[in-house]
Chemist: 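Below is a structure I'd like to ask you about.
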Amino acid sequence: MTKIRAAITGVGGYVPDYVLTNKELETLVDTTDEWITTRTGVKERRILKGENQGVSVLGIKAVEQMLAKTKTDPKDIDLLIFATVTADMTFPATANIVASAVGATNAFSYDLGAACSGFLYALATGASFVQSGMYKKVVVVGGDKMSAILDYSDRTTCIIFGDGAGCVLLEPTTEEVGVMDAVLRSDGGGEKYLHMKAGGSRMPASHETVDKRLHFVYQEGSAVFKFAVTNMAEVAAEVADRNQLKSEDITWLVPHQANKRIIDATASRVGITEDKVMMNIARYGNTTSGTLPLLLWDYEKQLKKGDNLILAAFGGGFTWGAMLVKWAYNSN
Ligand SMILES: CC(C)(COP(=O)(O)OP(=O)(O)OC[C@H]1O[C@@H](n2cnc3c(N)ncnc32)[C@H](O)[C@@H]1OP(=O)(O)O)[C@@H](O)C(=O)NCCC(=O)NCCS
C-alpha cells in the first residue's frame with residue numbers, strides 16, 4: 001500500500017505592528033542595546049498592544065492569510081491545532097476561537113501547550129492525523145503573546161521575548177515529501193528552571209500572587225541555556241543521522257530562536273554554515289510557539305520542492321525535539 005505523508009502545502013504568519021527596540025528597553029530596565037545584541041542576538045521584537053487583544057488576534061490573522069494564499073475553503077478544514085502557552089483564556093481553547101473566526105465550522109480544534117516546542121509537537125500531532133488517513137486538511141498554528149506574561153522590570157527575561165504567530169496547512173500526499181521523521185522529548189525536571197508560578201490550579205490568582213509578581217515568566221537563564229545548547233543540538237543531529245543526511249544534504253536548519261548563541265551551537269553540531277540557518281531572532285526575539293512557523297513564513301519564497309529542512313526546538317518543560325521536513329512545493 002502506498003504510504004500517505006503529510007505535506008506542508010501553505011504557510012501564513014502575522015506579527016503585530018508595534019516594534020519594541022533594545023533602545024526602548026534601555027528606558028525600562030538596567031540594560032544596553034550592546035548587551036542584548038551580543039548576549040542574545042535580539043535587536044527588536046513585536047508587541048501586541050490594546051485592550052482585549054489576546055493571542056487569538058495573531059492566530060486569526062495568520063490563518064486567514066494562509067487560507068487566502070492557498071485558496072482553501074475554511075469549511076474543508078477538518079482539524080485546527082493551536083500551540084500556545086498564552087491562550088486568550090484558560091478555556092475555551094484559543095483554537096476554538098480561531099477556528100470559528102476563520103469560518104472553519106466543520107473542524108474540531110484544540111490547544112497544545114509545550115512552550116517553545118509547541119509548534120513542533122503540534123506539527124507532529126497534526127501530521128499523524130493526515131498520515132493515518134483520518135483527515136485531509138489540518139491547520140497547525142503556533143503563536144504566543146509573550147508580552148502578557150513578561151515582567152518589564154526583569155531584565156533577564158523581558159529582553160528575550162516577543163509576540164507573533166504563524167501557521168501551516170497539512171494535506172496528504174503520496175510523494176516523498178512532507179513530514180518525514182521526528183524525535184520528540186520532554187523532561188518535567190526542567191520545571192524548576194523555567195515556569196510561571198501562579199495562575200494555574202496549583203496556585204490560583206490572588207492578591208498575594210499579584211503583589212509578589214508571580215504571574216510572569218520565571219527563568220534561570222544560564223541553567224536553561226546549558227540544557228538548550230546540548231539537547232537541541234543532539235536531537236537535530238539524531239534526526240539527520242537516522243535519515244542518513246550528511247551536512248551537505250541539509251538545505252535549511254530551522255532552529256528555535258531563543259538565543260543566537262544556542263542557534264550557532266546547533267548549526268555547528270550538524271555541521272552547517274550560517275547561510276543555511278533560518279533566522280529572525282534579531283527582528284522578533286523569541287516568540288515561543290510562534291517562532292518556527294514564522295521562520296517558514298519569512299523564508300517561504302526561498303524554499304524549493306525537495307529541500308530538506310531540519311526543524312529543532314527547546315523550551316519550558318523541558319520540552320525539545322527535531323523534525324525532518326521535505327518541502328513540498330515551489331513558491332511563485
Ligand atoms: C537569559 C540569557 C540571555 C542570559 O544570558 P547569560 O549570558 O546566561 O547571562 P547570565 O544569566 O549568566 O548573567 C550574566 C550577567 O549579566 C547580567 N544580565 C542579565 N540580563 C541582563 C540584561 N538584560 N542587561 C544587562 N545585564 C544583564 C546578569 O545580572 C549577570 O550579572 P552578574 O554577573 O553581575 O550577576 C541566557 O542565559 C539565555 O539565553 N538562556 C536560555 C534561554 C532559553 O533558551 N530559554 C528556553 C527557551 S524559552
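Keep in mind that the numbers below use all heavy atoms, side chains included, and drop hydrogens, waters and symmetry copies. All residue numbers in this chain count up from 1 along the given sequence. If you're wondering where the values come from, they're calculated on a predicted model, not measured in any experiment. Ligands are counted one by one from 1 in listed order, and the atoms in each one are counted from 1 as well.
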Chemist: Any heavy atom of Thr157 sitting closer than 4.0 Å to ligand 1?
Modeler: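 Per 4.0 Å heavy-atom rule, Thr157 does not contact ligand 1.
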
Chemist: Glu234 and Trp320: side-chain donor and acceptor closer than 3.5 Å?
Modeler: no

Chemist: What residue among Glu300, Lys304, Lys305 forms side chain to side chain donor-acceptor pair (under 3.5 Å) with Tyr329?
Modeler: Glu300

Chemist: If I apply the N/O under 3.5 Å rule, does Gly221 come out as touching ligand 1?
Modeler: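 Yes; the residue has a nitrogen or oxygen that sits under 3.5 Å from a nitrogen or oxygen of the ligand.
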
Chemist: Hey, what's the ring geometry for Phe318 with Tyr193, parallel, tilted or perpendicular (30° and 60° as the breaks)?
Modeler: parallel

Chemist: So, the side chain of Lys326 versus the backbone of Leu309: is there a donor-acceptor pair under 3.5 Å, distance only?
Modeler: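 No; judged by distance alone, with no hydrogens or angles, the pair does not exist.
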
Chemist: Evaluate the 4.0 Å heavy atom contact test for atom 25 (C) of ligand 1: does a protein atom fall under the cut-off?
Modeler: yes

Chemist: Does ligand 1 come near enough to Thr156 that some N or O of the ligand is less than 3.5 Å from an N or O of the residue?
Modeler: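 No: no nitrogen or oxygen of Thr156 is under 3.5 Å from one in ligand 1.
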
Chemist: Relative to ligand 1, is Trp35 under 4.0 angstrom through side chain, backbone, both or neither, heavy atoms considered?
Modeler: side chain

Chemist: Which residue and non-hydrogen atom of the protein lie closest to atom 29 (O) of ligand 1, and at what distance in Å?
Modeler: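 Looking at atom 29 (O) of ligand 1, the protein heavy atom closest to it is Arg155 NH2, 2.9 Å.
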
Chemist: Start with the C-alpha gap between Trp297 and Gln65, add the side-chain angles, then the distance that decides, and say whether side chain to side chain donor-acceptor pair (under 3.5 Å) holds.
Modeler: CA-CA 11 Å; Trp297 178 60; Gln65 183 197 80; 2.9 Å; yes

Chemist: Looking only at protein heavy atoms, which one is nearest to atom 3 (C) of ligand 1, and what is the separation?
Modeler: Thr40 CG2, 3.6 Å

Chemist: For Val224, counting its heavy atoms only, list the atoms of ligand 1 lying under 4.0 Å from any of them.
Modeler: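 The list of qualifying atoms is 43 (C), 44 (O), 45 (N), 46 (C).
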
Chemist: Can you see whether Tyr18 has Lys49 sitting over its ring - NZ or CZ less than 6.0 Å from the centre and within 45° of the normal?
Modeler: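 Yes, a cation-pi geometry.
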
Chemist: Counting only heavy atoms closer than 4.0 Å, does ligand 1 sit against the backbone of Ile262, its side chain, both, or neither?
Modeler: side chain

Chemist: Could you see which bit of Thr31 sits under 4.0 Å from ligand 1, with heavy atoms only: side chain, backbone, both or neither?
Modeler: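 Contact part for Thr31 vs ligand 1: both backbone and side chain.
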
Chemist: Report the C-alpha distance between Asp249 and Asn308 in whole Å, list the side-chain angles of each, state the deciding distance to 0.1 Å, and finish with yes or no for side chain to side chain donor-acceptor pair (under 3.5 Å).
Modeler: CA-CA 7 Å; Asp249 303 321; Asn308 286 317; over 6 Å; no

Chemist: Please tell me if atom 35 (O) of ligand 1 is touched by the protein, where touching means a protein heavy-atom distance below 4.0 Å.
Modeler: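 False for atom 35 (O) of ligand 1.
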
Chemist: Which residue owns the protein heavy atom closest to atom 6 (P) of ligand 1, what's the atom, and how far is it?
Modeler: Arg261 NH2, 3.9 Å

Chemist: Between Val29 and ligand 1, which residue portion shows a heavy-atom distance shorter than 4.0 Å: side chain, backbone, both, or neither?
Modeler: neither

Chemist: What is the nearest protein non-hydrogen atom to atom 12 (O) of ligand 1, stated with its residue, atom name and distance?
Modeler: Ser222 CB, 4.0 Å

Chemist: Dump the intermediate steps for ring pair (Phe, Tyr, Trp, His ring centres under 6.0 Å) on His256 and Phe314, then the final yes or no.
Modeler: CA-CA 7 Å; His256 181 59; Phe314 183 89; 8.9 Å; no

Chemist: Whether the Ser147 and Asp163 side chains hold a donor-acceptor pair (N or O, under 3.5 Å, no angle test) is what I'd like checked.
Modeler: yes

Chemist: Quick one: CG on Leu169 to OG1 on Thr9, what's the gap to the nearest 0.5 Å?
Modeler: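 Going from the CG atom of Leu169 to the OG1 atom of Thr9 covers 3.5 Å.
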
Chemist: Starting from atom 38 (C) of ligand 1, what is the nearest protein heavy atom, named by residue and atom, and what distance separates them?
Modeler: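 Sorting protein heavy atoms by distance from atom 38 (C) of ligand 1 puts Asn259 ND2, 3.6 Å first.
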
Chemist: Return yes if a side-chain donor-acceptor contact under 3.5 Å exists between Thr84 and Asp144, otherwise no.
Modeler: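 Thr84 vs Asp144: donor-acceptor pair found between side chains.
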
Chemist: As a test of the contact definition, would atom 10 (P) of ligand 1 count as having a protein heavy-atom neighbour under 4.0 Å?
Modeler: no

Chemist: Quick check: does His256 get an N/O under 3.5 Å from an N/O on ligand 1?
Modeler: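 No, His256 has no N/O under 3.5 Å of an N/O on ligand 1.
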
Chemist: Please check atom 14 (C) of ligand 1 for a protein heavy-atom neighbour under 4.0 Å.
Modeler: no

Chemist: Just to confirm my output: which protein heavy-atom neighbour is closest to atom 45 (N) of ligand 1, and how far is it?
Modeler: Gln219 OE1, 3.0 Å

Chemist: Could you check whether atom 32 (P) of ligand 1 has a protein contact, counting only heavy atoms that fall below 4.0 angstrom?
Modeler: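 No; the ligand atom in question lacks any protein heavy-atom contact below 4.0 Å.
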
Chemist: Using the rule given for side chain to side chain donor-acceptor pair (under 3.5 Å), can you reason through Glu171 versus Tyr135, listing the C-alpha separation, both sets of side-chain angles and the distance that settles it, and then say yes or no?
Modeler: CA-CA 8 Å; Glu171 293 182 275; Tyr135 299 122; over 6 Å; no

Chemist: Flag atom 20 (N) of ligand 1 as yes if some protein heavy-atom distance to it falls below 4.0 Å, otherwise no.
Modeler: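 Looking at atom 20 (N) of ligand 1, one finds that a protein heavy atom does lie closer than 4.0 Å.
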
Chemist: Check this for me - ligand 1, Arg39, N or O atoms closer than 3.5 angstrom, yes or no?
Modeler: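 Yes; the residue has a nitrogen or oxygen that sits under 3.5 Å from a nitrogen or oxygen of the ligand.
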
Chemist: Do protein heavy atoms approach atom 17 (C) of ligand 1 to less than 4.0 Å?
Modeler: yes

Chemist: Is any side-chain heavy atom of Leu67 closer than 4.5 Å to a side-chain heavy atom of Asp73?
Modeler: no

